[in-house]
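One structure is given below, encoded as structure tokens.
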Amino acid sequence: GMQVPECHQIYVCADNCMRGVVLTAAEMDAADRFSCVLLEEEDLYEGSLETVTIEGVADAIRRLPYRPRAVAVFLVCLHHFVGTDAAYVYSSLEKQFPDIDFMRCWMDPVMRRSGLSPEQKLKESMFRPIRPLPPERRIVCDLGDNQPLDTESELSLAIREAGFTLFQLQDCRTYDDYLRMGAADLFITRSPSGIHGVTQLAKRLGRPFLYLPPACGEEEINAELAALREALAVIRPESARSGNMQSGSGQAGSINSGHLQAESLQAESIQSGSVQAERTQAGSIQSGHLQSECLQAESIQSGSVQAERT
């Protein structure tokens with residue numbers, strides 16, 4: 001959870017469990033991003049665990065010297081034991097702080113043999129604030145891994161060779177960078193604990209997902225690289241399709257323009273031919289009339305001459 005930038009963690013538990021959590025935060029040099037709400041025994045007897053949780057988390061947020069963009073609230077085993085309405089707790093906090101994304105986390109190792117592990121639940125909660133964004137072409141997100149993927153690994157090289165950019169959780173510097181993962185074309189994870197969270201994220205965003213665990217055998221390595229290249233090849237035609245559509249539109253425009261020009265030339269040719277035919281016909285008729293009139297006049301003149309001679 002500390003890998004999410006601008007995120008503050010608040011643990012709600014008894015002091016015996018809190019001791020280990022505090023030491024972990026100190027080891028990470030992240031004590032300034034950590035708060036705790038201590039539960040007392042009477043909170044269980046009086047049935048006020050929900051109220052104590054809500055008021056304690058709200059008070060911890062108000063006391064912070066900065067305003068976090070996200071808060072990871074960790075409930076514990078005690079909340080399970082007394083049947084705490086976790087949905088009510090989180091909805092109350094979201095109403096009080098609408099500008100903060102609350103990650104619904106659990107620290108309940110006693111439940112590890114039933115359902116998802118605490119780490120799987122944590123990663124699912126971490127990815128829940130990521131909202132769907134319009135895909136930015138050629139982005140592959142690697143999520144769910146505690147360590148970043150080496151930039152010179154075969155997977156990284158295959159992603160770059162296909163013309164994509166690898167974007168990892170460890171690359172995020174701001175919370176906006178983190179939310180930008182909602183624009184990824186493809187999600188991958190190499191960690192078994194990240195499968196559930198990344199799968200749920202990919203389904204919610206409607207994006208493809210690949211599980212590419214560390215492999216040692218040549219066949220396994222080649223199979224994973226082939227699966228990655230195949231997935232990227234399916235994504236790439238989307239950009240090409242846009243270009244083809246524009247090309248097709250231009251081609252159709254040229255064809256239509258050609259048809260229009262041909263029809264225009266044909267119409268002009270027909271019109272010109274008609275005019276020439278009309279002119280020729282008119283000339284022929286006019287010439288015929290003139291020839292007939294001339295012959296008639298000559299015939300009359302010849303008849304008159306012969307009559308006079310006789």
Side-chain angles (χ1 to χ4, degrees), residues 1-5 7 27-30 103 116-244:
M2 290 292 186
Q3 291 181 339
V4 180
C7 176
E27 290 174 357
M28 297 178 61
D29 194 23
M103 300 179 183
L116 301 173
S117 68
E119 189 175 5
Q120 289 174 313
K121 293 179 183 179
L122 171 60
K123 291 181 178 179
E124 180 185 8
S125 300
M126 285 172 54
F127 304 151
R128 190 174 290 121
I130 300 176
R131 304 169 183 86
L133 297 174
E136 297 181 11
R137 293 300 167 200
R138 307 190 183 289
I139 292 183
V140 177
C141 275
D142 180 16
L143 283 174
D145 303 318
N146 295 329
Q147 297 297 326
L149 183 63
D150 193 301
T151 57
E152 297 302 319
S153 67
E154 290 180 288
L155 291 177
S156 298
L157 294 176
I159 291 172
R160 289 203 300 270
E161 288 172 359
F164 286 78
T165 300
L166 176 63
F167 191 54
Q168 305 183 75
L169 177 58
Q170 293 80 5
D171 296 328
C172 298
R173 296 293 177 265
T174 65
Y175 192 66
D176 288 329
D177 290 341
Y178 182 71
L179 296 180
R180 182 169 169 257
M181 291 187 173
D185 290 292
L186 173 68
F187 290 100
I188 64 173
T189 188
R190 298 168 289 120
S191 172
S193 63
I195 296 176
H196 176 73
V198 179
T199 300
Q200 296 302 314
L201 174 64
K203 288 182 179 179
R204 182 160 52 84
L205 271 57
R207 309 289 163 76
F209 158 72
L210 283 179
Y211 173 49
L212 304 173
C216 298
E218 184 177 354
E219 293 183 1
E220 295 176 346
I221 294 174
N222 292 334
E224 290 190 5
L225 290 173
L228 176 61
R229 292 189 178 103
E230 182 179 357
L232 297 177
V234 171
I235 297 171
R236 277 191 300 177
E238 297 296 331
S239 299
R241 189 177 302 149
S242 175
N244 290 338

Say you draw a straight line from [atom1] of [X] to [atom2] of [Y]; how long is it, rounded to the nearest 0.5 Å?
X	Y	atom1	atom2	value
Ile159	Ile139	CD1	CD1	12.0 Å
Glu152	Leu157	CD	CG	5.5 Å
Ile195	Leu116	CD1	CG	11.5 Å
Met181	Leu205	CE	CG	12.0 Å
Ile235	Phe164	CD1	CZ	4.5 Å
Leu186	Leu228	CG	CG	7.0 Å

By ring-ring contact (aromatic ring centres under 6.0 Å, His included), which residues pair with Tyr175, not counting sequence neighbours?
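Counting only residues at least two positions away or on another chain, Tyr175 forms a ring-ring contact (aromatic ring centres under 6.0 Å, His included) with Tyr178.
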Please name all residues satisfying side chain to side chain donor-acceptor pair (under 3.5 Å) with [X], sequence neighbours left out, ordered by chain then number.
X	answer
Ser153	Ser156
Glu224	none
Thr199	none

Hey, could you give me each pair passing side chain to side chain donor-acceptor pair (under 3.5 Å) that has a residue in residues 203-223? Not counting sequence neighbours.
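Non-adjacent pairs meeting side chain to side chain donor-acceptor pair (under 3.5 Å): zero.
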Under the side chain to side chain donor-acceptor pair (under 3.5 Å) rule, what pairs show up with a residue in residues 187-197, not counting sequence neighbours?
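As it turns out, the side chain to side chain donor-acceptor pair (under 3.5 Å) pairs with a partner in residues 187-197, which skip direct neighbours, are Glu119-Ser193, Lys123-Ser193, Glu124-His196, Asp142-Arg190, Asp145-Thr189, Asp145-Arg190, Ser191-Ser193.
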Quick one: closest heavy-atom pair of Ala183 and Pro134, and the distance?
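Residues Ala183 and Pro134, closest heavy atoms: CB-O, 3.4 Å.
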Any donor-acceptor pair under 3.5 Å linking the side chain of Gln3 with the backbone of Asn146?
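Yes: the side chain of Gln3 pairs with the backbone of Asn146.
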Please tabulate, for side-chain N and O atoms in residues 125-132, each donor-acceptor pair with protein atoms closer than 3.5 Å (sequence neighbours left out).
residue, atom, partner, partner atom, Å
Ser125, OG, Arg104, O, 2.5
Ser125, OG, Lys121, O, 3.0
Arg131, NH1, Pro129, O, 3.2
Arg131, NH2, Asp101, OD1, 2.8
Arg131, NH2, Asp101, OD2, 3.2

Partner set under salt bridge (charged side-chain N to carboxylate O under 4.0 Å, His left out) for Arg180, not counting sequence neighbours:
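Once residues adjacent in sequence are excluded, the partners of Arg180 under the salt bridge (charged side-chain N to carboxylate O under 4.0 Å, His left out) criterion are Glu136.
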Could you pull out all residues at least two apart from Leu225 that satisfy side chain to side chain contact (heavy atoms under 4.5 Å, CB included)?
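If we apply the side chain to side chain contact (heavy atoms under 4.5 Å, CB included) test to Leu225, skipping adjacent residues, the hits are Glu154, Leu155, Ala158, Ile221, Arg229.
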Scan residues 166-179 for pairs that pass salt bridge (Lys or Arg N to Asp or Glu O under 4.0 Å), counting only residues two or more places apart or in two chains.
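Sorted result for residues 166-179: Arg69-Asp176.
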